[in-house]
Amino acid sequence: MRELLGNLKTIAAGVGLPLALISGLFLQSCSESNRSTANTEGVDEDVAKAVYVAPGKHDELYSFLSGGFNGQVSVYGIPSGRLLKVIPVFSQFPENGYGYNEETRPMLMTSHGFVPWDDLHHPKLSRAEGMADGRWLFVNGNNTPRVARVDLTTFETVEIMEIPNSAGNHCSPYPTNNNEYILAGTRFSVPLDLAKGGMGDASLEEYKDKFRGSISFIKVDKDKGDMELDFQVLVPGFDYDLANGGKGPSGDWVFFTTYNTEKARTMKELGASQNDKDYLAAINWKLAAKYAAEGKAHEMPANYYHNKMDHGTHKATSTIKKKVRYLLPEECPGMMYLLPAPKSPHGIDVDPTGEYMVVNGKLASTLPVFSFSKMQKAIEDKAFDGEVNGIPVFKYDAVLYGEVKEPGLGPLHTEFDGKGNAYSTMFVSSEVVKWNVKDLKVLDRMPVYYSPGHLMIPGGDTKEPYGKYLVVMNKITKDRYLPTGPELVHSAQLIDISGDKMRMLLDFPTLAEPHYAQGIPADKVAPNSVKFFKLDQNTHPEAVKKEADASVTRQGKNVKVNMTSIRSHFVPDNIEGVQVGDTVIFHVTNLEQDWDVPHGFAVMGADNAETLIMPGATQSLRWVPKQAGVYPFYCTDFCSALHQEMQGYIRVSPKGSNVPIKFSSGEKKSVPPPNGGPSSAGMN
Ligand code: K7E
Ligand code: CUA
């Protein structure tokens, strides 16, 4: 979406948008930089009370903001805007060793090899009966198509599923109302080789014939949350942008916006804006699942990774999958329809009743709202206007409920307050616009700073929004904070939506680019939060549960250090016998059984990161010393008054030296043998 501003300029010119819109756009994008002070108009004096969370008090809600191009999720308290945690998902995170240590590296494996970054756009909370249940957070990787699951008892990424036959996993991930499926659609279409599997080698001139999109149906285990790619629907070679699920009467349906129905392969900013209408694709996911179960699915070769974290070992393993099933819409009547929608729409949002589907046409001057009951009727009446690849296209008027007139410029996304109102972001006119879903009248406007993308009302995408607050995520920050050079933070703004008029409460900086977010009352998540891992349930094969069992062993050129950490020492803390050319793996077990006592482990010259070990867990750091010497290692997290003393040495001798493996902790006599067993001191 960073590119949208630039694109809009060209498109506006290309498609003959009114000059006012274009100049408005330039004003928006350029004149802000001349402001010396930020606009605080409309902020009343007692807003501080509305967002003030006293020291030691907790926020009312958790919010999960995507990090966009940082590949992570950030957790903020609402209403304070306090940053509570950064959860690494698709990107390596040196702060705690995610993606660097041996346990988590498999999480980032893909069919393209180790991919330590992605572009994370859409967090979606798992659901029960159409409501966020606070168990898991699903997120998409847009660049190298992946869907990940974060466990909200630990706030850790526990599963990543690569998506085959996809490129740009953008309309993703969309859980159905009881997590029966997570749907994930492709943004870019690619040539698919149905016989050999995967992307075929095709000339770009063959775009119109050979390129296809795919929509993946990922099954979710009801109790454990584990994902399994059940099947895909191969769809026409458009670009698929966003998706959202129905609810109530439309609960069996998922809707996808499309653009580039022209199937342009170059200069899409113009080429994909030729048709006056693109489509909103509607897929009956229940019927699709039925077709797949009844043998309508074909099978093709595939190659994709499924990475999962084991609860006991706290280690991720990768499984490589070699097949995928697929359905063709032309063979599955009633499964898929196309609704004509004003050109190049972005967001699709379904209201809490499930009756209204709002299509946010970023280039359109009105906001069309489609009716699910009219759509049902149109299916009955066969109110079609032709078909595309065997998929019926509805007559526009047969499915349209109405249009919001003059909503603002550049609508991108909409959410709902559960009181019959919708709120839409206007990227170009930099505002959030409140309108009534029934009569389609605009009720209120709130300027936001600047150029909003998504907005989030806690529960605003579920059947019963929590309402009260709205978080709008802005693409451009300009003068809102102290300048920090050419790169500025993105920004969120918190708006009170409890009254008739919106009330601006708070600006808070965000990490990288938040696209979408989710919000949930704290009491649905906080009580389940794990405080530490139970040491006696740690089944990591290299775990050491008491200091007496710590060891250093050599096998050929590999040296294994099975180490313990507890306030305020490592066992062993003196190690000798390593040589240049060896690969050393430190398996460090944190013996603490208390909340908030991680120990870090870092060794000089390691070319990866530290690793931060949670109480009761074991983590492993690979180290290949390049030079002879005596290397300190130490705890990186200030864990006690004697944290600075939590350190040790490992001696590295030249290659071929005859120094034997030797390790110890404490002088021989100063460590009494625990439980009458052999002392850890001086063992070798
Ligand atoms: Cu940025 Cu949902 Cu990827 Cu719109 S998307 S802003
Ligand atoms: Cu352990 Cu600092």
Side-chain angles (χ1 to χ4, degrees), residues 1-5 7-8 65-69 71 118-124 139-143 168-174 184-188 239-244 256-257 259 344-349 359-362 410-415 424-428 430 432 448 450-456 461 471-476 490 492 510 512-518 563-571 573 588-592 594 596-602 610-615 619 633-648:
M1 205 31 70
R2 274 194 296 177
E3 68 278 15
L4 186 56
L5 188 71
N7 287 355
L8 271 169
L65 275 62
S66 70
F69 46 81
D118 216 307
D119 185 14
L120 191 160
H121 284 224
H122 303 122
K124 277 278 187 178
V139 296
N140 68 323
N142 186 54
N143 185 53
N169 173 45
H170 191 254
C171 27
S172 166
Y174 290 89
T186 188
R187 173 154 156 219
F188 312 116
D239 287 36
Y240 295 79
D241 205 9
L242 279 144
N244 247 315
F256 297 82
T257 50
Y259 60 102
S344 305
H346 188 54
I348 153 72
D349 300 286
V359 170
N360 303 265
K362 57 192 187 261
L412 288 185
H413 296 283
T414 297
E415 289 232 326
S424 304
T425 45
M426 300 295 151
F427 180 82
V428 177
S430 276
V432 171
V448 297
Y450 306 94
S451 299
H454 275 274
L455 74 177
M456 178 276 281
D461 58 341
V471 176
V472 58
M473 288 152 278
N474 303 305
K475 302 299 181 190
I476 295 168
H490 282 241
T510 59
E513 181 180 8
H515 289 262
Y516 189 46
Q518 292 271 269
M563 182 182 268
T564 61
S565 62
I566 197 163
R567 281 162 289 181
S568 299
H569 57 271
F570 294 106
V571 174
D573 65 3
V588 186
T589 302
N590 181 344
L591 300 179
E592 307 280 356
D594 197 357
D596 199 15
V597 200
H599 293 291
F601 178 85
E610 68 156 345
T611 188
L612 190 69
I613 310 120
M614 294 306 127
Q619 284 192 343
F633 54 83
Y634 70 103
C635 171
T636 50
D637 186 337
F638 211 107
C639 50
S640 75
L642 292 170
H643 155 82
Q644 289 298 80
E645 283 72 14
M646 195 165 174
Q647 57 178 259

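Sequential numbering from 1 along the given sequence is applied to the chain's residues. In listed order, ligands and their atoms are each counted from 1.
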Which ligand 1 atoms, with their elements, are less than 4.0 angstrom from a heavy-atom of [X]?
X	value
His346	4 (Cu), 5 (S), 6 (S)
Gly453	6 (S)
Lys475	1 (Cu), 6 (S)
His454	2 (Cu), 4 (Cu), 5 (S), 6 (S)

To make sure I understand the geometry: which N, O or S atom in His413 is closest to atom 4 (Cu) of ligand 1?
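Going by distance to atom 4 (Cu) of ligand 1, the closest N, O or S atom in His413 is NE2.
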Under 2.8 Å from atom 2 (Cu) of ligand 1, can any N, O or S atom of His122 be found?
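It does: His122 brings an N, O or S atom closer than 2.8 Å to atom 2 (Cu) of ligand 1.
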Is it true that some N/O/S atom of His515, main chain or side chain, lies under 2.8 Å from atom 1 (Cu) of ligand 1?
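Yes.
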Check for a donor-acceptor pair, side chain of Asn360 on one end and backbone N or O of Pro411 on the other, with a separation under 3.5 Å.
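No: the side chain of Asn360 does not pair with the backbone of Pro411.
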Checking Thr257 side chain against His346 main chain: does a donor-acceptor pair fall under 3.5 Å?
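Checking the backbone N and O of His346 against the side chain of Thr257, a donor-acceptor pair under 3.5 Å is found.
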Report whether any nitrogen, oxygen or sulfur of His121 sits less than 2.8 Å from atom 4 (Cu) of ligand 1 (N, O or S, backbone or side chain).
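For His121, the answer is no, given that no N, O or S atom comes within less than 2.8 Å of atom 4 (Cu) of ligand 1.
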Region of Asn142 engaging ligand 1 - heavy atom pairs below 4.0 Å
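None of Asn142 does.
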Any Met473 heavy atom less than 4.0 Å to ligand 1
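The answer is no, since Met473 has no heavy atom less than 4.0 Å from ligand 1.
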Just wondering, more than 12 heavy atoms not from Phe188 lying within 6.0 Å of its CZ?
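Yes.
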Applying side-chain contact (heavy atoms from CB on, under 4.5 Å), can you list everything that pairs with Ser172, at least two apart in sequence or on another chain?
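For Ser172, the residues satisfying side-chain contact (heavy atoms from CB on, under 4.5 Å) (neighbours in sequence not counted) are Asn140, Val147, Asn169, Ala184.
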When you check the side-chain N and O atoms of Asn474 and His490, is any donor under 3.5 Å from an acceptor?
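Their side chains do not contain a donor-acceptor pair, so the 3.5 Å distance test is not met.
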What class does the angle between the rings of His515 and His122 fall in, given that below 30° is parallel, 30 to 60° is tilted and above 60° is perpendicular?
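Rings of His515 and His122: perpendicular, as their planes differ by over 60°.
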Mind checking the OG1-CD spacing from Thr564 to Glu592? Nearest 0.5 Å is all I need.
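Spacing of OG1 (Thr564) from CD (Glu592) equals 10.5 Å.
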